[in-house]
Amino acid sequence: MAILRLASCVGGVYSMFLIWAIAQERLSVPFPAMDGSEPAKFKSALVMGMCQSALSALSSFIYIIIRRKPGQTFMQALGLDHAEQKTGKVNGHAKPNGTANSSSKSHSSPSHTRALLWEYFRTSLLITAAAPFGFAALSHISYPTMVLGKSCKLVPVMLVGVLWHGRRFAPHKYIVVAMVTAGITLFMFFGADSASAASKHASKGSNAGGSSLIGLLYLFINLGLDGVINSTQDEIFSQHKVTGQQMMFFINVFGALISAFIAALPLPYIPVLHPSHVQEAELLIAFKFIQSHPGVIKPLAQFAFTGSLGQLFIFETLQHFGSLTLVMITLTRKMFTMILSVIVYNHALTPGQWIGAGTVFAGISVEAWVKRNEIHAKRVIQEKEKARIKQL
């Protein structure tokens, strides 16, 4: 059952975010204007995030309602009230009414609910803050450099987990992290696109070097925030009895509200957050752009819709397999996308890229082998326990 769940999560993440990546790429190029003026780019990253968060909240809410158990209250379905059965005894004695076998339910305290909502809100703030830094980095560094940096996302996830939350991982996890990160680094470093991009940046002089440093700084901030986000989500799962879809619903509700609030403010020029020099609400700027460039509507809808469905699989993976497994899935998705491009468009891979691909697949194989052994060991223990109970 665990293998089937993992396979469905991998397939869902791959399929949804492949379409999502196509829509995102389309949103990064200029759109023709209705009045025949010069094409322009859609630069409202905050509005893009708000649209995706709103649809993600809606899709997770529909999922929760459909999967709602009979007799479960609305608050319980949202994960804000956990009723636990308690026997009808006090200090080992039957209750005065004689109903020794009766049971009562204890519900989550208001303080527990407030603590959970605060964790959701804090995670939403981090996600809202991280996204603009990733978008801003692309204005200063090449896309291959961005992908190369994102490929090292496993490292901050583990560092934050160890240093911030005091978590300890199994030894093989460190080996897998090192192999996957090293493999993708080799694949990108030896790629022709990476080499050509590096030469272009080197030929632009000292100003380009300063711009690249700013871009790398934005990228490192984005990666650091991503590491805190993933580790915080792991902590929520370990400390609270919530499902992935419940977490997805509240994080995206708060994310949409935070983004809408910031986008509605007539902010001055703020690097990363509000890069426009016009002191006008970003929502109004985005609305005017959509009116004059209606071609942006379709890819924006595809971006938000596929992103929301993809998040269902992401949070399912987070709940059952943890953030490290999720990061490995997202990283290998990039690898498979590259390999598919090689097959479809007849690109040639360098020997270094083949070595990188082999290293990544070897790392995945190590993780799969360890998981298989763990599942087998658990089954053996369960069978022994059943046999012992039968003997009693």
Side-chain angles (χ1 to χ4, degrees), residues 1-2 4-24 27 46-83 107-108 113 116-117 119-128 131 229-230 232-233 236-237 240-261 263 283 297-323 325-326 329-330 333:
M1 185 65 184
L4 288 176
R5 176 176 277 138
L6 180 60
S8 65
C9 288
V10 173
V13 170
Y14 278 22
S15 59
M16 288 298 103
F17 282 102
L18 180 61
I19 302 172
W20 177 86
I22 294 171
Q24 185 185 42
L27 286 169
L46 204 60
V47 173
M48 289 168 58
M50 183 189 69
C51 293
Q52 182 171 300
S53 292
L55 276 183
S56 296
L58 178 61
S59 63
S60 57
F61 180 76
I62 293 172
Y63 181 93
I64 290 169
I65 296 302
I66 292 175
R67 297 293 298 270
R68 183 178 174 183
K69 296 178 181 178
Q72 195 177 39
T73 66
F74 183 70
M75 295 294 284
Q76 288 172 354
L78 292 178
L80 296 179
D81 185 14
H82 300 285
H107 298 271
S108 299
T113 302
L116 177 58
L117 290 174
E119 291 295 328
Y120 285 149
F121 181 77
R122 188 163 65 97
T123 306
S124 299
L125 276 176
L126 291 169
I127 292 172
T128 305
I229 290 164
N230 285 317
T232 303
Q233 288 171 332
I236 293 174
F237 280 128
H240 304 275
K241 295 179 180 179
V242 296
T243 66
Q245 288 71 31
Q246 289 166 347
M247 180 188 287
M248 174 181 169
F249 172 72
F250 282 104
I251 285 178
N252 281 287
V253 165
F254 285 133
L257 292 175
I258 293 169
S259 298
F261 175 75
L283 273 176
I297 296 175
K298 183 178 179 181
L300 183 60
Q302 289 176 337
F303 173 84
F305 180 71
T306 54
S308 66
L309 292 182
Q311 279 197 47
L312 286 174
F313 293 102
I314 279 181
F315 279 94
E316 185 78 7
T317 305
L318 265 176
Q319 178 187 347
H320 296 285
F321 304 102
S323 62
T325 301
L326 172 62
I329 291 173
T330 57
R333 174 184 63 83

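All values below were derived from every heavy atom in this structure, side-chain atoms included, with hydrogens, water molecules and symmetry-related copies excluded.
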| query | How long is the gap from CE on Met16 to OG1 on Thr306, to the nearest 0.5 Å? | reply | 7.0 Å
| Hey, what do you get for CD1 (Ile62) to CD (Gln245), rounding to the nearest 0.5 Å? | 13.0 Å
| message | Applying side-chain contact (heavy atoms from CB on, under 4.5 Å), can you list everything that pairs with Leu257, at least two apart in sequence or on another chain? | response | Val253
| message | Is any side-chain heavy atom of Tyr63 closer than 4.5 Å to one of Leu309? | response | no
| task | For residues Thr128 and Phe254, determine if any side-chain heavy atom of one lies less than 4.5 Å from a side-chain heavy atom of the other. | result | no
| message | Does any part of the side chain of Thr317, heavy atoms only, come nearer than 4.5 Å to the side chain of Arg5, both counted from C-beta? | response | no
| request: Give, for atom CG of Leu312 and atom CE of Met248, the distance between the pair rounded to the nearest 0.5 Å. | output: 4.0 Å
| query | Is the number of heavy atoms from other residues, nucleotides or ligands within 6.0 Å of CZ (Arg68) greater than 12? | reply | yes
| query | Does the side chain of Leu6 come within less than 4.5 Å of Ile329's, by heavy atoms? | reply | yes
| field | Spacing of OG1 belonging to Thr232 relative to CZ belonging to Phe237, to within rounding of 0.5 Å | value | 12.0 Å
| request: Using the side-chain hydrogen bond (donor to acceptor under 3.5 Å, both in side chains) rule, take Gln311 and Ser56 through it: C-alpha gap first, then chi angles, then the decisive distance, then the call. | output: CA-CA 7 Å; Gln311 279 197 47; Ser56 296; 3.1 Å; yes
| task | Answer yes or no: is there a side-chain heavy-atom contact under 4.5 Å between Val242 and Tyr120? | result | yes
| Does any N or O in the side chain of Glu119 come within less than 3.5 Å of the main-chain N or O of Leu116, such that one atom is a donor and the other an acceptor? | no
| request: List the atom of Phe321, the atom of Cys9, and the distance in Å for their closest heavy-atom pair. | output: CE1-SG, 4.5 Å
| query | How long is the span from the CD1 atom in Ile251 to the CD1 atom in Ile127, to the nearest 0.5 Å? | reply | 5.0 Å
| Arg122 side chain to Leu126 main-chain N or O, any donor-acceptor pair under 3.5 Å? | no
| Hey, does His320 have a side-chain heavy atom less than 4.5 Å from the side chain of Glu316? | yes
| task | Please report the C-alpha distance between Phe61 and Phe249 in whole Å, then the side-chain angles of each, then the deciding distance to 0.1 Å, and finally whether the ring pair (Phe, Tyr, Trp, His ring centres under 6.0 Å) criterion is met. | result | CA-CA 6 Å; Phe61 180 76; Phe249 172 72; 5.6 Å; yes
| task | Answer yes or no: is there a donor N or O on one side and an acceptor on the other, between the side chain of Ser308 and the main chain of Gln52, under 3.5 Å? | result | no
| note | Between Leu55 and Ala304, the two heavy atoms sitting closest are CD1-CB, 3.5 Å
| message | A side-chain contact here means heavy atoms from C-beta on lying under 4.5 Å apart; do Phe121 and Ile258 qualify? | response | yes
| said: Applying side-chain contact (heavy atoms from CB on, under 4.5 Å), can you list everything that pairs with Gln302, at least two apart in sequence or on another chain? | reply: Ala23, Lys298
| Heavy-atom pair with the smallest gap, counting every atom of Met50 and Ala256 | CG-O, 3.9 Å
| note | Value for CG (Leu80) from CG (Leu117), rounded to nearest 0.5 Å, stands at 5.5 Å
| Heavy-atom side-chain proximity of Phe315 to Gln246 below 4.5 angstrom | no
